[in-house]
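Here is the structure we will look at, set down as structure tokens.
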Amino acid sequence: MGTEIIGKAYEPRDTEDKWYQYWEKNGLFKAREGDGNDSFCIVIPPPNVTGTLHIGHALDNTLQDILIRYKRMQGINTLWQPGTDHAGIATQNVVERDLADKGTNRHAVGREKFIDLVWEWRKKYGGLILNQLRRLGCSCDWSRERFTMDEGLSRAVREVFVTLYEEGLIYRGDYIINWCPRCHTALADLEVEHREVEGHLYHLRYLFESGKGHVTIATTRPETLLGDTAVAVNPEDERYKGLAGRRLILPVLHRPIPLISDDYVDTTFGTGALKITPAHDPNDFEIGKTHELEIINVIDENGIMTEQAGPYQGMDRFECRRKILDDLQQADLVEKIETYQHAVGHCYRCKTVIEPLISKQWFVKVAPLAEKASQAVKDGRTKIFPSNWESVYFDWMSNIKDWCVSRQIWWGHRIPAWYCQDCQEVIVARETPQSCGSCSGTRMVQETDVLDTWFSSALWPFSTLGWPEETKELTTFYPTSVLVTGFDILFFWVARMMMMGLHFMGDVPFKEVYIHALVRDGEGKKMSKSKGNVIDPLEIMDRFGTDAFRFTLAALAAQGRDIKLSEERIVGYRNFVNKIWNAARLILMNLDGEPETDDDKRVYTLADKWIVTRLSQVSEEAAQALDAYQFNEAAGTCYQFVWHEFCDWYLEMVKLSLYGEDEILRESSRATMLETFKAALKLLHPFMPFVTEEIWQKLPGTDQSIMISPFPKASDTQTDEAALADMELLIGIITGIRNIRGEMNIGPGKKVDVLVDVSSEKEAAVLLDNMDHIKTLAKAGEVTLASGAEKPKASATAVFGQNQIHVLLKGLLDFEEEKKRLSKKIKKIEKEVGISRNKLANKGFLKKAPPEVVEEVRGKAEALSLKLEKLEKNLQFFEVIND
RNA sequence: AGGCACGUAGCUCAGGGGGAGAGCACUACCCUGACACGGUAGGGGUCAAGAGUUCAAAUCUCUUCGUGCCUACCA
């Protein structure tokens, strides 16, 4: 009679691709034309075009998809804006590696041709990660896909750059910057990774020019001494009192340099004397500025010593370090060498040791922008979840330094500045200038630097919606609703979007930010290729199915804690998917098309009323959890409900009606069962889109996709308090019998007779109504209800509420075992009663605790005392028999 | 050096002032007509240690010890 027979186990492979294509073809991911108020929008953190889906993406995008699907099912006009980031350095590196394999390099190829090659590369491979997002089930509006190097977005970049320049918030100047000698570009401070390195602290002697005495300095980088233009001491330092102003002889090069005083110098570190190399250390650069020291570049852009390095010219910086140490030792200028742990800056892209260099770069003056961005979070215009990230955000915003935005690479937005070759005028303009505004010359050369990739990312929330045009998308979806991302790019990206959004749109880019944790391996270690502990999301999806994977991520995504992902967890949720599948199997086997029910003929059993009430409550809880980004709560609530309430109790009970003779009851139960199951599928859909759609489409009465069916709502009319209480009693009695069976080791084939000593008529009525359920679910034979009945001799007893459940075990009951069992229960209850009684004996408690709490404890104590009394009586019963 | 988290069952973690929870693992009995990727029952915790606040602390405060992470120009 089944509508359709489905297999015993769910096979994800067969369904995922099919439904994804169905959704996309039918335009179900598309945002509607802007209709003003009720909209929900997320802009995707654009993955690098070079990227492949890793576990972090999987978590990030699963959470976003859950929110998007949930909101869409609530009927809200939903946009999930997808796209990719051109990822300047990363992408350039990839293509350069290709060239290297072919035995050439970008300089040989030339700038224009190289950029063509990158575009080619991106056309070929740039969509890879987006297809992997499809695999994950992401319901992005792909018709609006954007790329940070698109025409439109590039226009936004130029507009922003020029405007900031005109406002005096962008300037160009010679500063010390972080230089990556391998990537050949400047990096922002943020792009430098500090890593603890085992190094050395070298104590070196600088002799006085007078020939008498010396000053010992401590340094970790002896090779930079070639560029020293002073040695500094603290003016308060007794050791060097009166020496400032004297001249020292720079070792090796024999150049005279002054001994100066500056209170920046820490008297407690090293020898209290600090060598100053303005060209190769950011602090020294600052000191050099205040003391107007000469700047001598001794290391070039390749990390090679310059001609200023004299005899060391042409050496690699690290080779030079070794050589110079040798020479110093020869000259007896090395006092001692200590091993020393210190942080060394590395390029975040290629891990090469950063070289601080002085060069001409473009900077954004961020202080005024940061001020506004900080304020917006203080005002609550943007809320950050979990809120402890707000203080981290404020901290960074208040200590922020100017942002170096120029990069000496080729792949990226070329800075819209032109230099007049005739008069050296700098022209910053939206369009390529035809002639110099100053001298009318026409020999204009564009700046060769490109912008930091994060510059265009900072505009993402409005550039993707069409800015600088005034588009319908902007009015509909800006500010966007929520940004979902990991804390690792809070500064790189979130903070900068805040600054740019506020400055150019006059409003925050998003109303809320949800910061999720990092995914780690089972041992809590960060996953990395070098450690070999990476979990590949694609492989997981292959093995366990996308739904199981997504559900696992959601279930583990508790706020503020890293996720330790282990395979066992995924297996557990794979089993859950299969459980749902088999619930569907049972339901389909018991349906014959759509149930035919007349509203006036519809009957509801206790189980029906109960499950409908629970569904309503669970819908409410799930929605509340999702609204608060408590993904784990939402997932857990649904899991518990579907498995342990719907499957374990409801489906077991509904079988009675399904297999019964009563036709009206059968059709009614079919209808309730189907309705409830459909609602449960809808609750689960945001978490597990594929299996829910697959089942949904097989159920009768579903003509459109589950992804656009309304998300279940809580309803007061569906809350039946009496059904909850009655069901609790029924479950209690059945569990009581099962408990005895289990502990007495009575096999499921053996039926037992039961005598229930009921404490009230009302309860008796409930049990009488559901007698068949007790018999089936507890495998009971005769069940007798009586009030005040005498305990049968060979019976084991459980107590639920004030009801005594005597399970008759003639010939099966080991009296000693039963005594032990009862004693154990008594001990447990005694402990509980003790706690309650102690509380009630405490005068402070009675006086100061809220009355309802006192009442509760009093009620509890009473109920437990009665229960204890009954258990003790049963125990005494056996004592008597023994005598 | 500062900052932020976190120490709860064997493991992985929820919870967050009024009687300790889940999943996995474990034990026992079951292939009962949706599901052995399953069912029923069971064992297991001084909620890191110490002090304080409170009628009441796993939960709030402080200290200590451990573990992660982030930021930082100490050469």
Side-chain angles (χ1 to χ4, degrees), chain A residues 6 8-10 189 194 201 217-221 224 232 264-266 268-271 273-277 281-286 340 342-343 345 356 386 388-389 391-392 395-396 399 487-488 490-491 517-518 520 522 524-526 544 548 555-556 558 560-566 568-569 571-590 632-633 636 639-640 647-648 651-652 655 659 735 738-749 776-779 831-833 835-836 839 842-850 852-854 856-857 860 864:
Chain A
I6 61 177
K8 266 191 169 191
Y10 172 60
D189 294 338
H194 292 272
L201 190 59
I217 58 90
T219 180
T220 53
R221 301 196 56 198
T224 62
Y264 166 82
V265 181
D266 180 353
T268 63
F269 188 91
T271 60
L274 171 63
K275 69 189 233 11
I276 306 296
T277 323
D281 182 281
N283 300 311
D284 296 5
F285 178 78
E286 291 300 322
Y340 183 64
H342 63 135
N388 57 299
W389 289 108
S391 58
V392 178
D395 225 44
W396 192 71
N399 292 320
F487 61 79
D488 48 335
L490 182 63
F491 305 137
L518 236 55
R520 296 171 186 281
K525 299 231 173 64
K526 209 167 171 172
F544 303 105
L556 296 182
R561 201 196 270 248
D562 286 344
I563 296 174
K564 283 184 205 160
L565 187 65
S566 64
E568 294 87 73
R569 283 309 278 260
V571 170
Y573 292 113
R574 190 270 319 264
N575 296 351
F576 179 47
V577 172
N578 198 241
K579 187 76 182 176
I580 299 163
W581 181 255
N582 275 286
R585 208 163 107 94
L586 171 71
I587 289 163
L588 286 169
M589 286 165 102
N590 284 287
N632 62 320
E633 289 281 338
Y639 178 94
Q640 178 68 25
C647 289
D648 286 353
L651 284 183
E652 289 308 322
K655 284 176 182 170
Y659 302 152
T735 306
R738 284 174 170 177
N739 187 316
I740 290 171
R741 296 185 64 110
E743 295 193 356
M744 295 292 163
N745 239 329
I746 295 161
T776 320
L777 298 179
K779 307 256 192 302
K831 214 169 124 194
E832 286 178 23
V833 176
I835 296 168
S836 294
K839 276 192 173 183
N842 182 342
K843 278 185 198 137
F845 174 72
L846 295 175
K847 219 164 91 188
K848 294 196 177 167
E852 62 272 19
V853 173
V854 177
E856 203 191 314
V857 172
K860 225 177 249 170
L864 285 170

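Remember, predicted model here, so these are calculated numbers, not experimental data. Worth knowing before you read on, the calculation uses all heavy atoms, side chains too, and leaves out hydrogens, waters and symmetry mates. In the text below, chain A, chain B and the rest are named by the order of the sequence lines, each starting its count at 1.
Remark: P of B:rA41 and CD1 of A:Ile746 are 14 Å apart, rounded to the nearest angstrom. The CG-C1' distance, from A:Asp395 to B:rC70, rounds to 11 Å in whole Å. Rounded to a whole Å, the OH atom of A:Tyr659 is 14 Å from the P atom of B:rU32. Atom CG in A:Asn842 sits about 13 Å away from atom C1' in B:rG18, given to the nearest Å. Atom CH2 of A:Trp396 is separated from atom P of B:rG2 by 23 Å (rounded to the nearest Å). Going from atom CG of A:Leu651 over to atom P of B:rG39 covers 12 Å, rounded to whole Å. Between the CH2 atom of A:Trp581 and the P atom of B:rC35 there is a distance of 14 Å, rounded to whole Å. What separates CG of A:Leu586 from P of B:rC35 is a distance of 9 Å, to the nearest Å.
Residue contacts shown for A:Glu852 are absent, as no nucleic acid heavy atom lies under 4.0 Å away. At the heavy-atom level, A:Ser391 lies nowhere under 4.0 Å from the strands shown. As judged by a 4.0 angstrom heavy-atom cut-off over every strand, A:Tyr573 is placed among residues making no nucleic acid contact.
Between the C1' atoms of B:rA9 and B:rA22, the separation comes to 11 Å (whole Å). Across the P atoms, B:rG16 and B:rA75 are found 43 Å apart, a figure rounded to whole Å. Comparing B:rU59 with B:rU53, their P atoms are spaced 15 Å from each other, to the whole Å.
Listed for the A:Asp284 side chain is a donor-acceptor partner under 3.5 Å among the backbone atoms of A:Thr277. For A:Arg741 (side chain) and A:Lys779 (main-chain N/O), a donor-acceptor pair under 3.5 Å exists by modelled atom type. A donor-acceptor pair under 3.5 Å links the side-chain atoms of A:Asn582 to the main chain of A:Lys8, judged by distance alone.
The partner of B:rA48 is B:rU64, judged by Watson-Crick or G-U wobble contacts that both fall below 3.5 Å. Under the Watson-Crick or G-U wobble criterion, with both distances below 3.5 Å, B:rU71 is paired with B:rA1. If you check B:rC55 for Watson-Crick or wobble pairing at under 3.5 angstrom, you find it paired to B:rG18.
The shortest side-chain heavy-atom distance between A:Arg585 and A:Leu588 does not fall under the 4.5 Å cut-off. Within the 4.5 Å cutoff, no side-chain heavy atoms of A:Asn283 are placed close to those of A:Leu274.
Between A:Leu556 and A:Arg741, the residue anchored nearer the 5' end of RNA chain B, judged by the nucleotide with its closest heavy atom, is A:Leu556. The 5' end of RNA chain B is approached more closely, in terms of each residue's nearest nucleotide, by A:Val571 than by the other of A:Thr220 and A:Val571.
Closest to the side chain of A:Lys579, out of B:rG39, B:rC37, B:rA28, is B:rG39. Comparing B:rC37, B:rG23, B:rC69 by their nearest atom to the side chain of A:Tyr639 picks out B:rG23. Comparing B:rC73, B:rG18, B:rA75 by their closest approach to the side chain of A:Tyr340 singles out B:rA75. Of all nucleotides listed (B:rA14, B:rA75, B:rC35), B:rC35 comes nearest to the side chain of A:Arg585. The side chain of A:Asn582 lies closest to B:rC35, out of B:rC35, B:rG18, B:rA5.
With hydrogens and angles ignored, no donor-acceptor pair closer than 3.5 Å exists between the side chain of A:Lys8 and the base of B:rC35. One N or O donor and one acceptor, one from the side chain of A:Arg569 and one from the base of B:rU12, sit under 3.5 Å apart.
Checked against the 6.0 Å centroid criterion, the rings of A:Phe544 and A:Tyr573 do not qualify as a close aromatic pair.
Contact between the side-chain N/O atoms of A:Asn399 and the OP1/OP2 oxygens of B:rA72 is not found at any separation under 4.0 Å.
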